[in-house]
Every structure is written in C-alpha cells, then in structure tokens.
Amino acid sequence: MNYLTDKHKELSESQQSGLMLWFGQLPMDKKAVAIGLSLTVGISSAAMAWQGTSSDRIYFCIKTPSKTLVCRDKDNRPFRMTPFYWQEWKLSGMPRQVVRDAATGVNGLVKATNPYKAFWAFGGFLGFALAGWMLRHCQDEEKQRAVFEDIAQKRDAAKAEMAARSELLESYRDVAIAEVQLQADLDLIANDRSVDIQKAEIYAHTEIEVTQMEASDAIFEAQTAGMTEQQKAEYIKQLRLMKTPYLQGSQTLAGTIDPNDKVTGSEPGAIAPQDNKTAWVQNLIKQTALIWGNQGGGKSWLARYVIQLKKQAGYRVIVLDPDSNRSEWRGVESYHSWDDIEQQIRDYVQELESRLKTFNNSSLSESQWRQKLWADGIALSLICEEATTYGDFIKDAELLDKFGKLALTKSRKQEMPITVVAHNNTQTCLFGIKGLHNLVSKMLQVECLAEVDPVTLQPSSTGKAKVKLDSSNEWLDVNLPKMTAKISDFSDALPAESNPNPPIDKATLERIYELEFNLGNKAGDTQYEPKKLSPQAQKLYEYLTRTERIEADVKEFKGNFKVQGERFTVEQIKGWMYEIVGAGLADWIAEGVIKLNQI
C-alpha cells in the first residue's frame, strides 16, 4: 500500500495484526495457498463439529401403576439428560417411578462420542474467519491496484495526446516561421525599392536645381558682361535700393499678406451665402464626413450627389452598399455582399497604413506628398452606405474598430476620405467603434431632416439639413441640393479639370504676379532678373533687400489669404523662397526661414 506520510503508515500498521502484516508481504500465489489452507481447516473442523455428541447421556423410563415402563414421550423421543442434571434431580427429590433404562448403554448411561465438538466448532469458525479476513485484505489491495492502473492508462493517453499536439504545433511553427520570413523578405524588397525611388527623385531634383543655378549664373554673367567690378557693385546696389512698385506709402509686405487686413465682409464663409444655398456641399468632397438622419430624410440622395462631385474632382470612388446592387451604381466601383465589403475595408486599412508608413519615411512636406498622390492618380474615396448594420454582419470587430479610427483620424491627409451614411451619429452606428466619442462629435456631420406626411404617414425629405463643421459644436441650417431624380448613373460625370493641389508652375506664378504684385503695371517695366528669378520671386527679393531684411519667415504669411479677388497659399510664397535659395541669394536656416546672403 502507498502511504501519504510516515505518520499515515504508522497509524495504518498500528491498526493491523502481525499476521496481516506478514500476509500482506506474501506474493499472490502464497496468499492463495494460505487462504486455501484456512478454508480447508474451517471446513474440516466444521465437519468434525457436526458429528457425534459432546457430553454423556442417561436414558431413563417411568413406571406406570400397571408395572410397565414408558421410555419415550408422545412424540417417540427417548427420555434422557446429562449426568449433572440427573444428580441435581436426585438431590431435589426424584420420584421412585423413574428408573434407568437398562436396555440402553450401561445401566442407561451412554458415553459421549465427540467430547471435543466445541473445539472443532471453534476451529471451523477460526478457519472461515481467517480466510475471509485474508480475502478482504486481498480485495482492498486489488481496489488500490485498479485505481493505479486507471491512472496509469490515463497518463499514457495524456502523454500520447501531448505528443500528437506537440508534433502538430511544431508543424504550425514551421509554417508560421516560413510565412514571417517570406513577409520580411517582401517588406525588405519593397523598402529597398522605395529607397531607390526616393534616391532617384532626390537626384533628379538636385540636378534640376544645379542646372537652374548654372543657368542663373550664366544669365547674370551675360547681363553684366563688359562691366568692371565697380560697375557690377553699383548695379547690384541699384537693385537693392530700387523701390518696389507693389508697395505704396506705409504699406509693408506683412500687411499686404495679412488676411485680417485684406479679407472683407464679402469673403465667402464655410456655409454658402444667400445666393448659393448648396455651395456648402463642397465641404463633403475632400473631408471625411458623416451623413445621418431618419428614413426619408434624403441621406442616400445627398450621398449620390457628393459621389458625383468626388468623381468630377478626380477621386477613385468605391461604394459599399449591402442593400442594393451594381445597377444602382453604374459608373463607379460598388460592392454589395458582406464578404466583398469586408475585403474592401481590409484593403482600405492596408492601403492607408502603407501610405502613412511611406510618408513618415519620406522627406516630403505634407503639401508635396498630397500633390504626389494626385500626380500618381491614387486619390481614393470610400462611401459606406447603411453603416449602421456593419457591426452586425462583419464579425471581425477588431477590423471595424481599426477601420473607424484610421478613417476618422488619418484619411484626409492621405487623400483617402470616407463618407459614412447611417441612421444616427452614435459610435454604435459608426461601425461600433469605442473610445473615440469626442472625435465623432467633432467630425464633419450632416443631419438630413425628414417630415411625416399627415395623410399618408410616410416620411419624406424637407429639403433642409443641419451641418456641423469639423472641430465645431455649432449646427447650421442649410438647404439640400435639389434633384428631380435619384442619381444611378455616374458614368457621365465630368473628369477633374485640374489637380486639386496643382504644382506651382511658371504660368501660375506669372498670373499671381500680374494680379497681385504688379498693381496695374506691366511686368516688363520692373524686370530685373539677377539669377533669373520669376517676377514675383524677384519682387519679393527686392523688397527684402530694400528693407534691409536679413531673415524672412514663411509664418509671416497667413494661409488662404485673399487680395483683389484672388487667393494665395503659403506654399506659393514658400515656392518663391525656394527660388531665391536656389538662385544662391539666400540659405535655409530653419524650417520655413531663409537668411539672405550679404553681397
């Protein structure tokens, strides 16, 4: 027997006899012999105890008055008793009529045939008891052995199962390692190709700048050909002291470009003026927006109108609509089964992450990066119709959560805005995302207003809506675009007339110069081109040198300022600074800050 502790063993052995301790140490075959001997002794002793009598008997008869002897009772059993009781009867007054039966034994006395009958009976009991005790002991040991055998079988089965699982996991591990190695190789190759492309772009840009500098030097040398060093110095001094025709009186460059100084009350706001009630829809083209409202409010019609504008702007439009088919979306990509919708969402997330990674590893500014996306023709816009049901049918909750967070925070600057059409503006209706309540409440939203017809009790659009601009808490009343029929065919949408972020070319710069800086004069009237600057860059450089400015910061220029009916961007001003630096007249000393070279 296995004991839990030494104390357990001591207590168990103290409750057992020495005979059972000895018996427990015997092998099984000797135990069987001992049990057989004990049973033999018990059976033999019981047989011996069953035979004969264990005491003497005195047989007697009773004399009747007729002098006859009656030796048996009415049941024909002989009268008899032991000598002990015979003597007791005689002492207490035995009747004379009682006489011994001379015909039986010796004067009625019959000796005992089995005087050790009691011992034989005890021997039989002892034999059977000992055999039962030993059988009980064997039974207990057999129960313990059965438990251990059951445990051993379960242990062997568990070992076999663990070995099988280990082999299966080993196979999975090999496959996973191979997949990771393959993905790492692919990422490495893609990164190498990206680095090569970036190097080629940098080399090309550098070659262009070097060529421009050499050309500027050649032009300046041609303009000053035949001049002495003193004449060249006087010519340069004349350029520095020359008045700029585009600044008058106390007017300064900072004041000229200050939007608070130039923008008047006629400046169009984010919401259309009274003469154009639907111009506010332009806000939905390039920004991620949520269109929501009750049934019949005109959500889907407004979304189709926006899609038409997006396509005209040059976006590749993809529509995810589980409640319709492709006949409703002719001329654009559309997907309608839940498997296709989930795959498009997965592709969108992968593309957005890829663009973010490429942009973060590049040296391009945000404006340059967005121009590159348009130049590559990969501007993308996703339309999510019936977004309220996405969380019920797309089981990959992690994908939806990631899609919602990336789309609301990172899509606009990567030219991948989405338009969500839902029944409400809660997080549950917006793909079930969590943790971005403040972001959802701050995003661009349009609530289409519906009314119930008092006769038919059917909801219909009021033609009105409420708009909450990005990062604003104010809801503004607007009119929905008027449409006589639902737009289902987008193939006749006009292509984009121009890149929404066009590069600054020479024609654009000359136009800005004519509209803003020349102020009615001809460009040729003040055409001084040391280093062959464009007219507007030349005028900017002349102003800085005339006012003895050593440094110029692009932060002095406010974005989207308006002068004489035309808008100008900070990127355009920054482009002129690039020309001045490229001509060798200044150097970049910080982000957006140049320092003029002293001549």
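- Tyr348 places a side-chain N or O within donor-acceptor distance of the main-chain N or O of Met416, the cut-off being under 3.5 Å.
- Thr409 contributes a side-chain N or O that, together with a main-chain N or O of Lys405, makes up a donor-acceptor pair within less than 3.5 Å.
- Ring-plane geometry between Trp292 and Trp475 is classed as perpendicular, the angle between the planes exceeding 60 degrees on a 0 to 90 degree scale with a lower cut at 30.
- Side-chain atoms of Asp401 do not come within 3.5 Å of backbone N or O of Ala397 as any donor-acceptor pair.
- Counting only distance, with no hydrogens or angles, the side chain of Ser354 and the backbone of Gln350 share no donor-acceptor pair below 3.5 Å.
- Taking each heavy atom of Cys448 and Ala465 in turn, the nearest pair found is CA-CB, 4.2 Å.
- Residues Ile594 and Ile589 fail the side-chain proximity criterion, which asks for heavy atoms closer than 4.5 Å.
- The shortest side-chain heavy-atom distance between Leu302 and Pro481 falls under the 4.5 Å cut-off.
- Between the side chain of Trp369 and the main chain of Asn360, no donor-acceptor pair closer than 3.5 Å is present.
- Within 6.0 Å of CG on Asn294 lie no more than 12 heavy atoms contributed by other residues, nucleotides or ligands.
- Between the side chain of Ser472 and the backbone N or O of Lys468, no donor-acceptor pair lies under 3.5 Å.
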Could you walk me through whether Ser337 and Asp339 pass the side chain to side chain donor-acceptor pair (under 3.5 Å) check? CA-CA 5 Å; Ser337 69; Asp339 291 338; 5.6 Å; no
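- Ile318 places a side-chain heavy atom less than 4.5 Å from the side chain of Leu380.
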Would Glu351 and Arg355 satisfy salt bridge (Lys or Arg N to Asp or Glu O under 4.0 Å), going step by step from the backbone distance to the final call? CA-CA 6 Å; Glu351 175 65 19; Arg355 293 190 186 185; 2.8 Å; yes
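- Residues Phe359 and Gln414 approach most closely at CD2-NE2, 4.1 Å, considering heavy atoms.
- With contacts defined as side-chain heavy-atom distances shorter than 4.5 Å, the pair Thr419/Leu284 does not qualify.
- Using a cutoff of 4.0 Å between basic side-chain nitrogens and carboxylate oxygens, Asp477 and Lys464 are not scored as salt-bridged.
- Using modelled atom types, one finds no donor on one side chain facing an acceptor on the other under 3.5 Å when comparing Gln312 with Gln308.
- Geometric assessment of Lys311 against the ring of Phe490 yields a negative cation-pi assignment under the 6.0 Å and 45° thresholds.
- Asn283 contributes a side-chain N or O that, together with a main-chain N or O of Trp280, makes up a donor-acceptor pair within less than 3.5 Å.
- A distance of 10.5 Å separates CD of Glu385 from CD1 of Ile341, quoted to the nearest 0.5 Å.
- Checked by atom type, the side-chain pair Gln183/Asp187 shows a donor-acceptor distance below 3.5 Å.
- Between atom CG of residue Leu444 and atom OG1 of residue Thr288 there is a gap of 9.0 Å, rounded to the nearest 0.5 Å.
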Please test Lys299 against Glu447 for salt bridge (Lys or Arg N to Asp or Glu O under 4.0 Å), starting from the C-alpha separation and ending with a verdict. CA-CA 8 Å; Lys299 303 185 300 296; Glu447 181 186 4; over 6 Å; no
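- The two residues Lys286 and Pro417 have their closest heavy-atom pair at O-CB, 3.6 Å.
- To the nearest 0.5 Å, the span separating SG on Cys384 from CG on Leu290 amounts to 10.5 Å.
- Closest approach of Thr462 to Leu449, counting heavy atoms only: OG1-O, 3.0 Å.
- For the residue pair Trp329 / Ser488, no side-chain donor-acceptor distance below 3.5 Å is found, with atom types taken as modelled.
- One distance of note links CG of Asp470 with CD of Gln445; it measures 10.0 Å at 0.5 Å rounding.
- In this model, a donor atom of one side chain and an acceptor atom of the other lie less than 3.5 Å apart for Tyr335 and Glu333.
- Between the side chains of Ser491 and Asp489, at least one donor N or O sits under 3.5 Å from an acceptor N or O.
- Note: Trp338 and Phe393 have parallel aromatic rings, judged against thresholds of 30 and 60 degrees for the angle between ring planes.
- If you check the side chains of Asp392 and Thr389, you find no donor sitting under 3.5 Å from an acceptor.
- Smallest separation of non-hydrogen atoms from Ser461 and Gly298: CB-N, 4.3 Å.
- Between Glu366 and Lys413, at least one side-chain nitrogen of the basic residue sits less than 4.0 Å from a carboxylate oxygen of the acidic one, meeting the salt-bridge criterion.
- Annotation: side chain of Val420 is not in contact with side chain of Ile291 (no heavy-atom distance under 4.5 Å).
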Between Leu585 and Leu596, does a side-chain contact (heavy atoms from CB on, under 4.5 Å) hold up when you go through it step by step? CA-CA 6 Å; Leu585 301 176; Leu596 298 181; 5.6 Å; no
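- In this structure the side chain of Glu342 reaches within 4.5 angstrom of the side chain of Leu399, judged on heavy atoms.
- Considering all non-hydrogen atoms of both residues, Ser411 and Leu352 come closest at CA-CD1, 4.3 Å.
- Gln198 contributes atom CD, which lies 8.5 Å from atom CG of Asn191 (distance to the nearest 0.5 angstrom).
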Determine, step by step, whether Val593 and Met577 satisfy the side-chain contact (heavy atoms from CB on, under 4.5 Å) criterion, reporting the C-alpha distance in whole Å, the side-chain angles of both residues, the deciding distance to 0.1 Å, and the verdict. CA-CA 9 Å; Val593 181; Met577 289 184 174; over 6 Å; no
Go through the steps to decide whether Asp321 and Ser324 satisfy the test side chain to side chain donor-acceptor pair (under 3.5 Å), and finish with yes or no. CA-CA 6 Å; Asp321 186 1; Ser324 68; 2.6 Å; yes
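- Checking side-chain atoms of Arg330 against main-chain N and O of Ser327 turns up a donor-acceptor pair under 3.5 Å.
- Salt-bridge check for Arg316 with Glu415: failed, with every basic side-chain N at 4.0 Å or more from each acidic carboxylate O.
- In terms of modelled atom types and a separation under 3.5 Å, the side chain of Lys310 and the main chain of Ile285 share a donor-acceptor contact.
- Residue Leu356 holds its CG atom at 7.0 Å from CG of Leu406, rounded to the nearest 0.5 Å.
- Judged purely by distance below 3.5 Å, without hydrogens or angles, the side chains of Gln181 and Asp185 never pair a donor atom with an acceptor atom.
- The pair Glu353-Lys410 does not count as a salt bridge, with every side-chain nitrogen at least 4.0 angstrom from each carboxylate oxygen.
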